[in-house]
Amino acid sequence: MKNGKLILALMLVLAVLMPVQVFAQKAIVLRLAETHPKGYPTEMGDEEFARLVKERSGGRIVIEVYPGSQLGQEKAVIEQVQFGAIDITRVSVSPLASFVPKLNAFQMPYLYRDEAHMWKVLNGDIGNSLLASLEPFGFIGLGWFEGGARNFYNSKRPVKTPADLKGLKIRVQESELMMGLVSAFGAVPTPMAYGEVYSALQTGVVDGAENNWASYYSTSHYEVAKYFTLDEHTRVPEIIIGSKISLGRLSKADQDLIKQAAADAVAFQRSEWAKYEQVSIDKVKAGGAQITAVPDKAPWVALMAPLYAKQSKEIQDFVKQIQAVK
Ligand code: GTR
């Protein structure tokens, strides 16, 4: 009898402890959505970020990277992150700006002196405060990645001056500001998801698009739109965001670990970016792309004045702060 009671008591203790133990051993799995395919430099940055999180959490937190738009196109993914169905994503700032208007400042044309200026802004107070300002919109800002400079390309003709762009139908990201930018150059903007652009170029639904060297190459757009103009109209950073709903369930220490890992993956991503960009330039040239240089950006910059004037006071002040970073 005495033994029976003891066994019962032991069984009760085990029943109470078991689920806790099982739970404690189970990894926290977070899904990260990435538009680009495996091997693209943002995807490699995601992998490095995931590796650091796993290593530093002793395997407790696992980030699964889903490349190649498996979880959807950027706008839809951002919505899902907002309501917690996807935990993390790496996207361009452009589509995110439709959700967080202040980010429009980062899409303004000819904003930075060069890449170093952009990184000074992203790594400084402005970049950090912007990451922190995403929370009221349902996102936790984790970090920035390199996204190069964006340029126009089309299937119709070489574009040497903005006048050559006139009337061309140009695909843009799902971003109002990008529509305004393309219109200000005299072209006709068509917003469209990234995954649809190749066939839209091929079938003539659009005449051209705009992107960085890396995307121009990796999507094979150069095969169907060979006239590429190095106008470098924008330098839009890539951003990693988490869902406030799902990451909000983690402890502050785990959230900090994830943020730090994202920050520490940047150097790797930037160095992979530089390598991939050079390969892209060589490959598209070998593949028949015709590159037009823009030695004088002044007429391009001048056309953007009305776009700057149209922005809210908040964006205009913000732009001034960005430009003042030395
Ligand atoms: C790329 C960017 C993608 C996506 C794409 C686009 O440069 O890395 O996240 O925004 O541009 O044009 O849709």
Side-chain angles (χ1 to χ4, degrees), residues 32-47 49 65-81 86 88-100 103-104 106-107 109 115 118 122 139 142-154 169-179 181-182 187 189-201 205-206 208-222 224-225 228 230-241 266 269-270 272-274 276-277 280-281 284:
L32 184 155
E34 168 63 70
T35 293
H36 294 295
K38 221 171 164 48
Y40 187 93
T42 54
E43 193 276 338
M44 293 170 83
D46 304 337
E47 298 278 3
F49 164 48
V65 177
Y66 290 84
S69 303
Q70 284 174 60
L71 302 184
Q73 298 285 323
E74 284 191 336
K75 191 170 167 236
V77 164
I78 296 169
E79 279 162 3
Q80 295 203 59
V81 169
I86 294 177
I88 304 178
T89 187
R90 189 293 315 159
V91 287
S92 161
V93 157
S94 291
L96 188 61
S98 307
F99 298 77
V100 186
L103 285 176
N104 276 320
F106 277 4
Q107 298 193 81
E115 185 186 322
M118 181 184 82
L122 297 179
F139 307 111
L142 297 177
W144 310 101
F145 274 170
E146 178 60 51
R150 295 180 79 100
N151 306 280
F152 288 110
Y153 49 88
N154 79 91
K169 267 190 278 162
I170 302 290
R171 176 271 172 173
V172 290
Q173 290 152 298
E174 285 158 306
S175 147
E176 216 173 294
L177 195 126
M178 284 308 297
M179 292 186 67
L181 182 148
V182 164
T190 307
M192 187 183 288
Y194 189 50
E196 292 164 21
V197 184
Y198 185 93
S199 73
L201 287 166
V205 168
V206 293
E210 52 81 55
N211 222 313
N212 49 45
W213 285 109
S215 289
Y216 183 50
Y217 165 57
S218 94
T219 53
S220 304
H221 288 178
Y222 66 97
V224 282
F228 185 96
L230 250 180
D231 64 286
E232 300 185 319
H233 50 268
T234 54
R235 203 171 262 292
V236 181
E238 313 283 6
I239 186 169
I240 314 173
I241 50 169
V266 173
Q269 190 270 342
R270 287 183 68 186
E272 289 305 321
W273 181 274
Y276 194 93
E277 187 173 67
S280 304
I281 296 172
V284 301

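As the structure lists them, so they are numbered: ligands from 1, and atoms in each ligand from 1.
Heavy-atom neighbours of E176 CD from other residues, nucleotides or ligands within 6.0 Å: at or below the threshold of 12.
Within the 4.0 Å heavy-atom cutoff, E210 does not count among the residues contacting ligand 1. For the pair T35 and ligand 1, no heavy-atom separation below 4.0 Å is found. Using a non-hydrogen distance threshold of 4.0 Å, G147 does not register as a contact of ligand 1.
A distance below 6.0 Å separates the ring centres of F106 and W144.
Below 4.0 Å from some heavy atom of S215 lie the following atoms of ligand 1, by number and element: 1 (C), 7 (O). In summary, the atoms of ligand 1 found under 4.0 Å from a heavy atom of N211, numbered by their order in the structure, are 1 (C), 5 (C), 6 (C), 7 (O), 11 (O), 12 (O).
In N212, the part holding a heavy atom less than 4.0 Å from any atom of ligand 1 is the side chain.
Ion pair E238/R90 flagged as a salt bridge, since at least one NZ, NE, NH1 or NH2 atom sits closer than 4.0 Å to an Asp/Glu carboxylate oxygen. Using a 4.0 Å cut-off between a side-chain N of Lys or Arg and a carboxylate O of Asp or Glu, E47 and K38 qualify as a salt bridge.
Classification of the H221-Y194 ring pair by plane angle, with boundaries at 30° and 60°, yields perpendicular.
Residues E210 and H233 meet the side-chain proximity criterion, which asks for heavy atoms closer than 4.5 Å.
Here the heavy atom of the protein found nearest to atom 13 (O) of ligand 1 is R171 NH2, 2.9 Å. The nearest heavy-atom contact from the protein to atom 10 (O) of ligand 1 is E74 OE1, 2.7 Å. The protein atom (non-hydrogen) at minimum distance from atom 6 (C) of ligand 1 is Y194 CD1, 3.3 Å.
Defined by atom type and a distance below 3.5 Å, a donor-acceptor pair is present between the side-chain atoms of Q173 and S92.
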